[in-house]
> 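Structure provided below as structure tokens; questions to follow.
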Amino acid sequence: MQIDDALISRLKDGVKTINDQHKKIFDFTTDLFAHCVGDDEEENLYFEAVIGDAAELIKTHFKTEEELMLETKFSFYEYTDHKKEHEEFVCAVNNYIEQFQASRSTNLLMFASYVKWWVIGHIKRHDRKYINYFNRLTEGSGIEKMRV
Ligand SMILES: [Fe+2]
Ligand SMILES: [Fe+2]
């Protein structure tokens, strides 16, 4: 992959954005567990209050990763596989939201555990691959490294 100044500058912004998004997603996971207090009403109110923004954050993050993988000509096979995982997670989160809307209740601890399990596994198996690739592409350019 030929790398020019325009792509370096694009990667510089992209890497920073992705690092920030990953931090926000981890913070959200921590916050989810902090709100598993054993009181159904409180947990449902919390879920209702935060789930919209959280779903947006997740979708925006996936889009950022996917666009940058395409722009940097990351392996198309890996990209397709990665995107499929993103879609499955969005679908699972949407199912939680729909179930909540239908029943006005959710199992917050189960949701928190699922999100944490998925995020950690996904970063290890999928994000790690493009992270190593981005870090190799920007080697020596002095820009921020991917953190996870
Ligand atoms: Fe990610
Ligand atoms: Fe990802």
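Index from 1, following the sequence. Both ligands and their constituent atoms are indexed starting at 1 by order of listing.
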> Should we count NZ of Lys23 as having more than 12 external heavy atoms under 6.0 Å?
no
> Donor-acceptor pair, distance only, cut-off 3.5 Å: does the side chain of His35 make one with the backbone of Asp31?
yes
> For N/O/S atoms only: which one belongs to Glu65 and is nearest the Fe ion (ligand 2)?
OE1
> Are Glu144 and Lys16 within salt-bridge range, i.e. N to O under 4.0 Å?
no
> With a 6.0 Å cut-off on the ring centroids, do Phe76 and Tyr79 count as close?
yes
> Could you pull out the atom name of the N/O/S atom in Asp127 that is nearest the Fe ion (ligand 2)?
OD1
> At less than 2.8 Å, would any N/O/S atom of His61, backbone or side chain, sit next to the Fe ion (ligand 2)?
no
> Which residue in the set Thr138, Asn132, Ile18 passes side-chain contact (heavy atoms from CB on, under 4.5 Å) when paired with Met146?
Ile18
> Counting backbone and side-chain atoms alike, is an N, O or S atom of Glu85 positioned under 2.8 Å from the Fe ion (ligand 2)?
no
> Looking at the Fe ion (ligand 2), is one of the N, O or S atoms of His82 less than 2.8 Å from it?
yes
> Between the Fe ion (ligand 1) and His126, is there an N, O or S atom separated by less than 2.8 Å?
no
